[in-house]
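Data first, discussion second: the structure below is written as structure tokens.
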Amino acid sequence: SNFLIVHTMQAGYAVVGTAGILDDLGTRGLSSQKVFTEGAAGAWAGCSTPFGWAWMTPGRKVNLWDGSQVLNVGDAIQAQLNTIPAADLESVQMFWWDGNGRKWMTVCLAACDPDDLSGTATNRILIYDFDLASEPNNPGEWFEWTDHEYTFVGDYFDGSHRFLLGGGED
């Protein structure tokens, strides 16, 4: 069944249906169901992966819904996630990258260095690598690109070549 995941700050919903009739009466054939009791931190704080729907909650958890259960895949880095300033939560951006054989969920955010959790939050790229799966409830492992301070990443195509492009505020 096809569906669209939509999050508010409080919850997540699945919009299901065909929307076969669109007229001035509204979209008939669509319905929504509350699926998640936790919302998303911001408009870009979620992404679809081949392993399921991932999102960061306003409570700074990174969840992965595999279609049957919600896994807290951010548990290993929760101390660092807790350092995201409240004002920066809505700027969290998640992106799926499968170029060059990678299976990465990238998370751009402002947080403290994991070795200095009382320091100053700076822009970081955290990557959840699904190729490094260690157990069923932990389908990947985290690492950080420490030489970049991007606030956003995305696809860039140059002819037939695909690149992971990052950008910052300046």
Side-chain angles (χ1 to χ4, degrees), residues 5-13 36-66 69-158 161-170:
I5 300 293
V6 178
H7 273 279
T8 66
M9 296 278 299
Q10 292 78 32
Y13 301 86
F36 308 113
T37 58
E38 294 180 290
W44 297 100
C47 70
S48 180
T49 79
F51 302 92
W53 174 254
W55 78 100
M56 181 177 288
T57 72
R60 297 171 179 83
K61 287 181 10 185
V62 178
N63 289 330
L64 176 71
W65 178 55
D66 65 4
Q69 64 180 337
V70 176
L71 305 172
N72 179 0
V73 296
D75 192 48
I77 59 167
Q78 192 61 56
Q80 185 178 23
L81 295 175
N82 289 340
T83 69
I84 302 170
D88 291 324
L89 268 173
E90 67 182 29
S91 299
V92 170
Q93 186 249 357
M94 298 175 71
F95 182 76
W96 172 252
W97 171 252
D98 60 355
N100 297 329
R102 307 284 190 216
K103 295 178 188 168
W104 290 353
M105 177 179 64
T106 64
V107 184
C108 295
L109 49 73
C112 293
D113 187 301
D115 295 325
D116 183 14
L117 296 175
S118 62
T120 303
T122 58
N123 294 327
R124 303 181 173 285
I125 299 178
L126 304 178
I127 297 171
Y128 193 72
D129 190 339
F130 286 92
D131 279 330
L132 302 177
S134 58
E135 57 188 70
N137 287 337
N138 192 19
E141 295 291 332
W142 289 98
F143 71 92
E144 180 178 352
W145 266 354
T146 56
D147 55 342
H148 299 289
E149 292 187 10
Y150 299 141
T151 58
F152 208 87
V153 296
D155 284 317
Y156 173 74
F157 292 91
D158 183 11
H161 300 286
R162 180 176 170 218
F163 300 93
L164 181 63
L165 181 68
E169 296 170 347
D170 44 5

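Below, each value reflects all heavy atoms present in this structure, side chains not excepted, and no hydrogens, waters or symmetry copies.
- Residues Ser134 and Glu141 have side chains that bring a donor and an acceptor to within less than 3.5 angstrom of each other.
- Residue Met105 holds its CE atom at 10.5 Å from CZ of Phe51, rounded to the nearest 0.5 Å.
- What you find for Leu89 and Thr57 is that their closest heavy atoms are CD2-O, 4.5 Å.
- With rounding to the nearest 0.5 angstrom, the SG atom of Cys108 is 12.0 Å from the CH2 atom of Trp44.
- Here the straight-line distance linking atom CG of Asp88 with atom CG of Asn123 works out to 7.5 Å at 0.5 Å rounding.
- Tested against His7 for a ring pair (Phe, Tyr, Trp, His ring centres under 6.0 Å), the candidates Trp65, Trp55, Tyr13 yield a single pass: Trp55.
- By the 4.5 Å heavy-atom criterion applied to side chains, Arg60 and Val92 are not counted as neighbours.
- Of the options Asp75, Val62, Val107, a side-chain contact (heavy atoms from CB on, under 4.5 Å) to Leu81 is made by Val62 and by none of the others.
- Trp97 places none of its side-chain heavy atoms less than 4.5 Å from the side chain of Ile127.
- Ion pairing of Asp155 with Arg162 is present here, as a side-chain N (NZ or NE/NH1/NH2) and a carboxylate O approach within less than 4.0 Å.
- Between the OH atom of Tyr156 and the CG atom of Asp158 there is a distance of 4.5 Å, given to the nearest 0.5 Å.
- Under a 3.5 Å cut-off, the side chain of Trp53 and the backbone N or O of Gly46 do not form any donor-acceptor pair.
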